[in-house]
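Quick note on labels: first sequence line is chain A, next is B, and so on, each numbered from 1.
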2 protein chains.
Amino acid sequence: MPRKSITSYDVAKAAGVSQSAVSRAFSPGASISKPTREHILKVAGEMGYQPNAIARSMSTARKDIHQKSGMVGVIVTRLEDPFFAQTIAEFSRGIQAQGWQMLLFTVDTEAEVDTALNTLMQYKIDGAIVLSAILSDQMARACNTQGIPVMLYNRSAEGLNASSVEIDNHEGGRMAADILLEAGHTRIAFVGGEEGDATSTRRQTGFEERLAEAGRQIFRHETGDYTFDSGREAALRLFARKDRPDAVFCASDVMALGVLHAARNELGLRIPEDFSLVGFDDIPSAGWAGHALTTIRQPVRRMIKDAVDNLVESMESPALPPRIRRFEGRLIIRNTVRQVGSSSP
Amino acid sequence: MPRKSITSYDVAKAAGVSQSAVSRAFSPGASISKPTREHILKVAGEMGYQPNAIARSMSTARKDIHQKSGMVGVIVTRLEDPFFAQTIAEFSRGIQAQGWQMLLFTVDTEAEVDTALNTLMQYKIDGAIVLSAILSDQMARACNTQGIPVMLYNRSAEGLNASSVEIDNHEGGRMAADILLEAGHTRIAFVGGEEGDATSTRRQTGFEERLAEAGRQIFRHETGDYTFDSGREAALRLFARKDRPDAVFCASDVMALGVLHAARNELGLRIPEDFSLVGFDDIPSAGWAGHALTTIRQPVRRMIKDAVDNLVESMESPALPPRIRRFEGRLIIRNTVRQVGSSSP
DNA sequence: ACATTTAGTGCATGCGCATTCAATATTCAT
DNA sequence: ATGAATATTGAATGCGCATGCACTAAATGT
């Protein structure tokens, strides 16, 4: 039998003060004497009173200032993916550390982002983070109008009047090509994301650019969807033919691991003896001893700290202009690329 | 420059009706004529009006009925763990599918759960889900008083006046012992969670019980913290001595994979030739070809659907009594336990 | 045709809090 | 000690919406 919860009036009555006093007791920096505050806090504690964040949000909706809810909306796809899991975990900690709450919305396709953001905006979020997806011009403008800063993570916000934090995908692609070329590979395959996927496309472009500089081009191109299985299937297709690649670059570690497991344990191939493999992201499992995947590392911690800090700044000073930030990846050499000088298979 | 957002009054004026009419237009089942509703919806659409969920929540706080916010609080630890990532992903979809939003709170230790729940309650969540942790009696009672149903996932709510959904850990432990005994193992090690961890303890108890029935006991006991590295380190310790185990049961797949990688790739051991390995959970990567980990599967999908459905019911009918539900795990036989009849190492 | 129900609408109110304003208490400077 | 500046306090108000209530228009019954 749910009972009405305790309000500031109840506390005020019990403490023999006005409701205003109670409100002030719970507002850091408010004009109230120390003894009064302590007394109220004591009484409130005994009664188990907690200020109602919803009501607080209501009453801060004044003039033309956007009402503050203390919540940050986060929109994410494929949360089960290790890369996003890690990302969300970091975001959650970062957001909480700054005193905000995280309203999480999962979408299955990029097309749902606008709707999701709309829903979250009904909850008067103070800011939004969109992972690996982009919003429409229109939606970005709507957020702008409402004074809600938007942070795109893992995508560029160019031309959108939003902030963004991402890895330099183009340069990352170049790095991958670099090490594969250096190892002397000639039949280099690429496993990317779905047609039109911005991240994959950038990685591919950088990869091809570097290849071209060496007078080469992608030997074969397979399309996946960033899942392990899609990597596995790509491998099955790649090695089913007579003319096999001697190296594979995957647009993500998860897909690379799919290739790795399929190759070693289903096709009986050796890595790097039979072909070299390079991933992207450096998720935790890429470093597991049995994988030892050579990959391009994203400085996730730093990127997320930067994203959170920037978003918080924008939430606190709505006038701040958006900022687009690109981080450099780093090649992590492990054991899936053959050493220079080894003989070609 | 943030502008005041559009309110129902603005729409009312534009549509030539009262604010009440606008409110009714957006409330399914409210008393309003079809033409009026359609006209209002049209005008509202043109103006970009969206009802303010915060204000809506405020005004539904009536009488002694708890105010509804449309938000479900979710408290989680170790979101980066594949098991939890998958769990949260499912919960998120389930909660959204039923029209609720998810307010996510990450904690680092079980001790923070009470505080976290308290914070979430300030946001007037309509219900709470706590993953792999337990709340204090006191907190449970507080939720009860406020009419907030609590769902414990991966923990039993026995004696707590809360609902819970979990796997039968005891029986799961027995299953693991079963297959290991059947394979003829005699020096069986256990890698569990930290001292006092309820889940690990239950799995261990069931495991030992079955072992005892066969006149055996745990050969060696190692303690981990459910991370890959802790599994790896446990393996290093287990196989550093002369008297090595011939089988290892880990309280989680992640730790089992730590053991597997360390054994195969750092210690040069073969699985299952040198020792058998059994995990728990059946996370996606357990099934990867190169792992092929024999494990106890949790019917995650079903469990989460059950948890969400039950919580939603409780949120909609506050009088409903809590319900404790235990699911049965299933042994998934893959390739990390030696076949019966093979010779002992 | 008239009484009675029903549907549709607007007005007024309150949810719990922060905040402005005016009133009072306290402190400080001289 | 005494006026001025400052610190505390309470009363009153509004945030945006849902809803009880009163009232009118339409629909139904006899």
Side-chain angles (χ1 to χ4, degrees), chain A residues 2-40 44 47 49-70 121-124 126 146, chain B residues 2-40 44 47-70 121-124 126 146-147:
Chain A
R3 268 170 268 163
K4 187 190 185 63
S5 52
I6 302 146
T7 74
S8 54
Y9 280 98
D10 303 329
V11 176
K13 204 190 310 171
V17 296
S18 71
Q19 179 269 327
S20 323
V22 178
S23 172
R24 290 186 179 111
F26 282 89
S27 305
S31 170
I32 185 172
S33 72
K34 208 167 177 183
T36 311
R37 164 172 277 152
E38 279 166 4
H39 175 231
I40 293 174
M47 301 175 69
Y49 167 77
Q50 296 278 148
N52 181 329
I54 300 284
R56 175 173 284 188
S57 171
M58 272 305 293
S59 67
T60 54
R62 289 295 160 93
K63 314 270 172 83
D64 34 47
I65 290 144
H66 182 276
Q67 105 188 68
K68 291 196 54 173
S69 64
M121 281 171 68
Q122 294 187 15
Y123 281 85
K124 300 300 157 185
D126 297 333
Q146 307 250 333
Chain B
R3 267 170 267 163
K4 188 189 186 65
S5 51
I6 301 145
T7 74
S8 54
Y9 280 98
D10 302 329
V11 177
K13 203 189 312 169
V17 296
S18 71
Q19 179 268 326
S20 325
V22 177
S23 171
R24 291 186 178 109
F26 281 89
S27 305
S31 170
I32 186 173
S33 71
K34 205 165 177 183
T36 310
R37 164 170 276 149
E38 279 166 2
H39 174 231
I40 293 174
M47 300 175 70
Y49 167 78
Q50 295 279 146
N52 181 331
I54 299 282
R56 173 173 285 188
S57 170
M58 271 306 292
S59 66
T60 55
R62 288 295 161 93
K63 314 271 173 81
D64 34 47
I65 289 145
H66 184 277
Q67 103 188 69
K68 292 196 55 173
S69 64
M121 281 171 67
Q122 293 181 210
Y123 281 86
K124 300 300 157 184
D126 297 333
Q146 307 250 334

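- Between the side chain of B:Ser8 and the backbone N or O of B:Ser23, no donor-acceptor pair lies under 3.5 Å.
- Ranking D:dA18, D:dG16, C:dC17 by closeness to the B:Ser27 side chain, first place goes to D:dA18.
- Of the possible donor and acceptor atoms, one in the side chain of B:Ser18 sits under 3.5 Å from a partner among the backbone N and O of B:Ala21.
- Distances shown here put a side-chain N or O of B:Ser8 below 4.0 Å from the OP1 or OP2 atom of D:dC17.
- The base of D:dA18 does not come close enough to the side chain of B:Ser20 for any donor and acceptor atom to sit less than 3.5 Å apart.
- If you check distances only, the side chain of A:Arg56 never reaches the base of C:dT19 with a donor-acceptor pair under 3.5 Å.
- At least one donor-acceptor pair closer than 3.5 Å links the side chain of A:Tyr123 to the backbone N or O of B:Ser69.
- Minimum atom distance to the side chain of A:Asn52 is reached by C:dC17, of the listed C:dC17, D:dC17, D:dG10.
- Residue contacts for A:Ser33: at a heavy-atom cut-off of 4.0 Å it reaches the sugar-phosphate backbone alone, with no base atom in range.
- Nearest nucleotide to the side chain of B:Met58, out of D:dG16, D:dC17, C:dC11: D:dG16.
- With hydrogens and angles ignored, no donor-acceptor pair under 3.5 angstrom links the side chain of B:Arg37 to the base of C:dG8.
- When heavy atoms are screened at a 4.0 angstrom cut-off, B:Ser57 is found touching no nucleic acid atom at all.
- Contacts of B:Val22 with the nucleic acid, taken as non-hydrogen atoms under 4.0 Å apart, are absent.
- A distance-only check finds a donor-acceptor pair linking the side chain of A:Ser57 to the backbone of A:Lys68 [under 3.5 Å].
- When the P atom of D:dG10 is taken as reference, atom CD1 of A:Ile40 falls 8 Å away, rounded to whole Å.
- The shortest distance between the side-chain N/O atoms of A:Ser23 and the OP1/OP2 oxygens of C:dA18 is below 4.0 Å.
- To the nearest angstrom, C1' of D:dG14 lies 13 Å from CD of A:Gln19.
- Residues A:Tyr9 and A:Lys34 both approach DNA chain D. Their nearest nucleotides, taken by heavy-atom distance, put A:Lys34 toward the 5′ side.
- Contact annotation for A:Phe26: no contact, since no heavy-atom pair falls under 4.0 Å across all strands.
- The side chain of B:Ser59 approaches D:dC17 more closely than any other nucleotide in the set C:dG16, D:dT8, D:dC17.
- Looking only at distances, a side-chain donor or acceptor of B:Arg37 sits under 3.5 Å from a matching main-chain atom of B:Arg24.
- Between B:Thr36 and C:dG8 there is no side-chain polar atom (N or O) within less than 4.0 angstrom of OP1 or OP2.
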